[in-house]
Amino acid sequence: MADYRYDPHEIEPRWQQVWEDEQTWVVPEDGPTDRDAYVLEMLPYPSGEPHVGHLKNYTIGDAVAHFRRRTGHRVLHPMGYDSFGLPAENHAIKTGQHPRESTDAAIASFQEQFRRWGVSIDWTRELSTCTPEYYRWTQWIFLKLYEAGLAYRKEAAVNWDPVDETVLANEQVIDGRGERSGALVEIRQLTQWFFRITDYAEQLLDDLETIEWPSHVKTMQRNWIGRSRGAEVQFRCEELDTSYTVFTTRPDTLFGATFFVMAPEHPDVAELAKGTPQEQAVADYVRQAMVGDTKERGDDAREKTGVFTGRHVVNPVNGELLPIYVADYVLMDYGTGAIMAVPAHDDRDFAFATKYELPIKQVIAGEGGPSQPVELPYLSDGPLMNSSPEFDGTPNREALDAIVDWLDRDGKGKATVNYRLRDWLVSRQRYWGCPIPIIHCPSCGMVPVPEADLPVVLPDVTDYKPKGKSPLAAATDWVHTSCPSCGGAAERETDTMDTFVDSSWYFLRYTDAQNTEAAWDKKIVDRWMPVDQYIGGVEHAILHLLYARFFTKALADMGLLTAREPFANLFTQGMITKDGAKMSKSKGNVVSPRVMVERFGADTLRTYVLFMGPPEQDADWSDEGVEGMSRFISRLWRTSAEAAGELPAEALPAEPNADGLRILRKAHWAIDKVTADIGGRFSFNTAIAAVMELLNELSAAKRGEAEPGVVRFALSTANSLLYPFAPHATTDGYALLNDGARLWEQLWPEAEARYLVADEIELVCQVMGKVRGRVTAPADADNATLEELARNEPNVAAHLDGKQVVKVIVVPGKLVNFVVR
RNA sequence: GCGGGCGUGGUGGAAUGGUAGACACGCCGGCCUUAGGAGCCGGUGCCCUCACAGGCGUGGAGGUUCGAGUCCUCUCGCCCGCACCA
């Protein structure tokens with residue numbers, strides 16, 4: 001017998017060469033458009049070389065892409081690089097190496113690994129966001145947003161990262177620290193560029209209903225958008241003849257307001273206190289509040305502080321005078337930065353009132369009615385009291401709308417919806433990003449760069465170190481330009497864009513990647529969008545996914561595409577850990593896919609990462625597990641090669657013998673299971689297990705008298721089913737078994753119904769719900785026969801002896817259960 | 001505090017309300033081999049037993065059901081998200 005040795009290092013490059021030579025994964029230009037499928041994994045940020053998380057991500061996507069192709073779809077499966085960003089720039093600051101050089105090196109390493117993994121990518125659509133060919137269109141989109149009034153510049157209190165020396169979007173501040181640097185973020189008053197994502201708050205929320213995403217991701221987006229229904233109410237300050245708006249979700253408690261609070265950052269605070277004895281105290285408090293870090297500020301366990309401003313406002317519902325305090329438990333960036341305080345029914349206001357000995361007025365009665373004392377603060381519902389004759393006794397939830405209506409009629413307030421979502425701060429005072437295509441002219445003001453002049457090319461600089469303003473400011477030749485409007489001397493905007501802008505539209509560019517005349521052609525983008533299946537990590541649940549949705553909606557409103565959601569289906573994969581911990585260089589627990597592939601081959605690695613467990617779950621890396629997978633792939637190939645070499649090439653017999661039939665049934669069972677597991681629910685681990693079962697059934701000991709034609713068919717099926725995970729070994733095995741036939745061109749197998757039903761079943765016999773025996777029974781036996789068979793099973797009979805059978809449950813094809821007394 | 005998820009053998013994990021532990025790792029035994037970190041065959045939840053037969057078992061306590069890992073109530077533990085959001 002010949003020596004059949006599985007050698008992935010010979011097999012894998014050989015087939016990769018065929019696919020590359022034939023451009024197998026390039027999307028065919030012609031073909032039916034109703035079977036298109038756009039399968040996309042989040043594009044990587046190229047740094048160093050890819051890690052096992054990338055391997056998992058692209059293996060999932062590749063399995064889906066292969067499956068869709070073989071089920072008759074024309075599949076778009078592209079790749080690109082999110083190549084602008086801080087890590088490359090920080091590396092440049094340290095070493096002086098241009099970020100482009102380190103980025104290009106990383107990209108080369110990613111390309112090399114993706115090819116080595118055998119990921120089926122249409123490389124003709126490859127893109128890199130840091131190239132002028134790409135960012136030209138990023139700038140074009142910026143101008144479109146500017147024209148539409150969705151990009152604007154304003155002065156605002158913004159998050160400043162003192163380590164990276166740049167501003168950050170709200171989404172990039174986690175627990176008061178910069179997402180990248182981990183530095184405590186400071187609040188600074190700066191003029192910055194924003195995208196008006198808040199215009200889309202409602203749609204971003206509502207349209208979550210239209211997409212198939214994991215519910216926890218939807219929940220996170222809902223929380224982030226933070227919609228709350230309530231009312232805006234005007235409070236007048238008679239002394240200054242001014243008026244302040246508050247947002248409240250509890251207008252039903254308006255009668256219980258006993259004081260009024262403003263955030264220290266509120267622009268009117270200084271003016272309010274001016275000329276009162278409190279002026280100095282307020283100024284001191286505000287200054288001290290501003291230097292405190294935002295993390296500590298956000299701690300609700302911290303004792304509340306504040307000072308009286310010396311002024312009062314009038315409660316619009318009853319004319320009572322309420323003292324105005326300034327206190328840092330009120331946040332400027334939520335609502336209006338001012339609140340009415342109802343200590344009896346809000347625990348925060350209660351804590352503040354108690355500390356500063358402010359009056360507390362109960363306006364909602366507890367269960368015992370108005371005369372019964374309740375523990376304050378009372379946060380539950382109940383009828384109104386101490387309010388007005390009109391509302392007293394009304395359940396507070398009903399009174400809520402009535403009070404808003406009443407205020408609205410008097411012009412003192414109105415029902416509103418408030419969102420937690422803030423506009424997206426997009427300018428960055430950093431070098432390695434997309435230049436903002438705006439020119440500042442002393443006479444014309446802000447002038448957009450004309451489309452014909454795009455791209456505004458990022459100039460080279462010698463010093464990448466941020467100095468509180470963009471390093472681009474030092475490129476004086478580049479900065480000084482002429483105004484496109486009046487032709488006079490003018491200066492370029494030196495801030496660059498947040499790199500999340502780059503990745504908010506790349507999925508559109510893939511559809512028409514080589515278009516030099518436009519970002520994309522609407523007809524083409526509409527053919528592919530939305531992405532049918534998007535795959536990536538949960539860490540992007542808010543940032544990238546929210547921004548991409550916003551871009552899609554804004555661009556759709558401009559008529560540039562039809563889809564209103566970018567990603568129809570989202571799959572979020574779990575992390576791969578090592579020894580229970582996140583992999584990191586400092587812990588020294590990094591698993592290198594490159595090293596693993598060099599040792600075991602790509603097929604083993606790919607199949608292993610999907611066999612580790614449900615792909616959405618975190619999973620711990622096991623070196624023994626990889627070896628086990630290596631044994632399986634090797635056994636599959638070896639068995640195939642042996643059968644191809646030793647078994648006569650016979651066709652499937654029309655009437656297989658008993659062993660043949662058993663194997664044939666197992667094969668069709670596997671087809672059915674793998675198809676459902678990949679196509680229906682992303683249960684790759686059980687799909688792989690099903691192929692293992694099929695192969696186990698085909699092991700020499702179990703093969704028995706099965707006909708060679710059956711064995712060849714079953715082995716071909718095993719290869720065919722495992723192909724989406726291990727494309728090289730299975731393609732090779734299939735070709736050996738089938739006279740060189742190309743597996744990637746074969747239609748996905750279909751399970752034949754006649755082999756899915758057995759003619760005999762194992763009948764489980766229970767007495768009182770406990771299994772007492774098993775008998776084989778004809779699959780088509782009727783209930784009475786099944787009951788009789790079960791009753792005669794010796795052990796069942798023993799358990800029925802001397803008992804009275806009161807009920808018999810028969811589940812056809814499964815079990816019989818006797819209920820006895 | 002609010003919202004979501006998860007608790008199953010030594011390990012990763014399987015189980016449309018119907019045989020708990022598929023498949024794999026690990027371990028044990030055997031075959032083959034000069035050799036094995038190769039290959040092949042078999043065993044492997046726990047207790048009791050020569051064996052048969054039994055008993056126990058899906059974090060814990062109840063409940064619904066002929067039957068519960070699965071559904072309901074309470075509870076404990078871990079993980080994630082949000083959080084002074086008015």
Side-chain angles (χ1 to χ4, degrees), chain A residues 4-5 174-175 214-224 226-228 230 246-251 253 261 263 297-304 327-331 333-342 345-349 351-352 379 418-420 538-539 541-542 608 611-614 616-629 631-632 634-635 638 673 683 685-696 699-702 762-774 794-795 798-799 805-811 813-820:
Chain A
Y4 299 103
R5 243 187 72 250
I174 317 279
D175 287 341
S215 62
H216 66 277
V217 176
K218 288 190 183 184
T219 303
M220 283 166 72
Q221 292 222 344
R222 278 192 200 103
N223 286 344
W224 188 261
R227 174 187 157 107
S228 42
V246 304
F247 173 76
T248 177
T249 55
R250 294 296 305 277
T253 63
V261 193
R297 171 95 177 262
D299 182 2
D300 61 356
R302 194 177 63 132
E303 190 170 345
K304 298 191 175 11
D328 70 2
Y329 81 92
V330 174
L331 308 174
D333 59 4
Y334 184 79
T336 60
I339 62 158
M340 63 170 198
V342 185
H345 305 292
D346 180 286
D347 47 8
R348 296 152 304 178
D349 297 343
F352 192 83
L379 306 175
N418 189 59
Y419 294 95
R420 201 185 80 111
V538 212
E539 64 273 18
I542 295 172
Y608 173 65
F611 186 65
M612 290 173 84
E616 69 277 11
Q617 258 173 49
D618 290 352
D620 204 56
W621 183 270
S622 150
D623 286 337
E624 291 84 3
V626 185
E627 287 178 27
M629 186 52 71
R631 283 200 287 274
F632 166 64
S634 166
R635 197 155 64 95
R638 187 159 23 82
K673 171 125 184 92
S683 182
N685 54 330
T686 54
I688 295 163
V691 182
M692 288 174 168
E693 284 195 57
L694 175 56
L695 185 62
N696 287 344
S699 65
K702 286 185 181 163
E762 188 184 50
L763 185 70
V764 173
C765 310
Q766 298 183 329
V767 179
M768 295 299 283
K770 286 190 192 298
V771 180
R772 297 300 178 185
R774 301 179 165 107
N795 196 39
H799 277 89
V805 176
V806 289
K807 196 174 175 185
V808 182
I809 315 283
V810 180
V811 182
K814 280 254 167 68
L815 62 79
V816 175
N817 184 19
F818 295 97
V819 185
V820 297

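In what follows, chains carry the letters A, B, and so on, assigned in the order in which the sequence lines appear, proteins first and then strands, with residues in each chain numbered from 1. Owing to the predicted nature of the structure, the values given are computational and were not obtained by experimental measurement.
- When distances are taken from the side chain of A:Lys770 to each of B:G55, B:G18, B:A24, the shortest belongs to B:G55.
- As rounded to whole Å, 20 Å separates atom P of B:C6 from atom CG of A:Asp620.
- Residues A:Val819 and A:Met768 meet the side-chain proximity criterion, which asks for heavy atoms closer than 4.5 Å.
- Base pairing of B:U34: no nucleotide in any strand meets the Watson-Crick or G-U wobble criterion (both distances under 3.5 Å).
- Each of A:Met692 and A:Val771 was assigned the nucleotide of RNA chain B with the nearest heavy atom; the assignment lying further toward the 5' end belongs to A:Val771.
- Here A:Asn418 lies out of heavy-atom contact (under 4.0 Å) with every strand.
- With rounding to whole Å, A:Gln617 atom CD is found 15 Å from B:C80 atom P.
- Pair assignment for B:U16 gives none, since no Watson-Crick or G-U wobble pairing has each distance under 3.5 Å.
- For B:C27, the paired base is B:G43 (Watson-Crick or G-U wobble, both distances below 3.5 Å).
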Grab the N/O contacts between the protein and nucleotides 64-72 of chain B below 3.5 Å, and write none if there aren't any.
| residue | atom | partner | partner atom | Å |
| --- | --- | --- | --- | --- |
| B:C66 | O2' | A:Asn817 | ND2 | 3.4 |
| B:C66 | O2 | A:Asn817 | ND2 | 2.6 |

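- Summarising the geometry, the separation between CZ on A:Arg227 and C1' on B:C82 is reported as 18 Å, rounded to the nearest angstrom.
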At a cut-off of 3.5 Å, list every protein nitrogen or oxygen paired with a nitrogen or oxygen from nucleotides 26-37 of chain B, distance to 0.1 Å.
| residue | atom | partner | partner atom | Å |
| --- | --- | --- | --- | --- |
| B:G26 | OP2 | A:Arg631 | NH2 | 3.2 |
| B:G37 | N2 | A:Arg599 | NH2 | 3.2 |

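- Taking the syn range as angles within 90° of 0, the glycosidic angle of B:G9 is syn.
- Annotation: of the two residues near RNA chain B, A:Ser683 and A:Ile688, the 5′-most nearest-nucleotide partner is A:Ser683.
- With both pairing distances under 3.5 Å, B:G81 is matched to B:C2 as a Watson-Crick or G-U wobble pair.
- Between A:Val246 and A:Thr336, the shortest heavy-atom contact is CA-OG1, 3.4 Å.
- The separation between A:Leu379 atom CG and B:G1 atom P is 14 Å, rounded to whole Å.
- The CZ atom of A:Arg772 sits 16 Å away from the C1' atom of B:G18 (whole-angstrom rounding).
- Within the 4.0 Å cut-off from OP1 or OP2 of B:A38, not a single side-chain nitrogen or oxygen of A:Arg5 is found.
- At the heavy-atom level, A:Asp347 lies nowhere under 4.0 Å from the strands shown.
- Rounded to a whole Å, the CD atom of A:Glu616 is 17 Å from the P atom of B:C80.
- Rounded to whole Å, the separation between the P atoms of B:U70 and B:G29 comes to 38 Å.
- Both distances falling under 3.5 Å, in either a Watson-Crick or a G-U wobble arrangement, occur for no nucleotide opposite B:U49.
- Figure legend. B:C71 is base-paired to B:G63; pairs are counted as Watson-Crick or G-U wobble with both atom distances under 3.5 Å.
- If you measure from atom CG of A:Leu763 to atom P of B:G18, you get 16 Å, rounded to the nearest angstrom.
- Judged purely by distance below 3.5 Å, without hydrogens or angles, the side chains of A:Asn696 and A:Arg635 pair a donor atom with an acceptor atom.
- Relative ring orientation between A:Trp621 and A:Tyr608 is described as perpendicular, the plane-to-plane angle rising above 60° on a 0-90° scale split at 30° and 60°.
- The base-pairing partner of B:G7, taking Watson-Crick or G-U wobble contacts with both distances under 3.5 Å, is B:C76.
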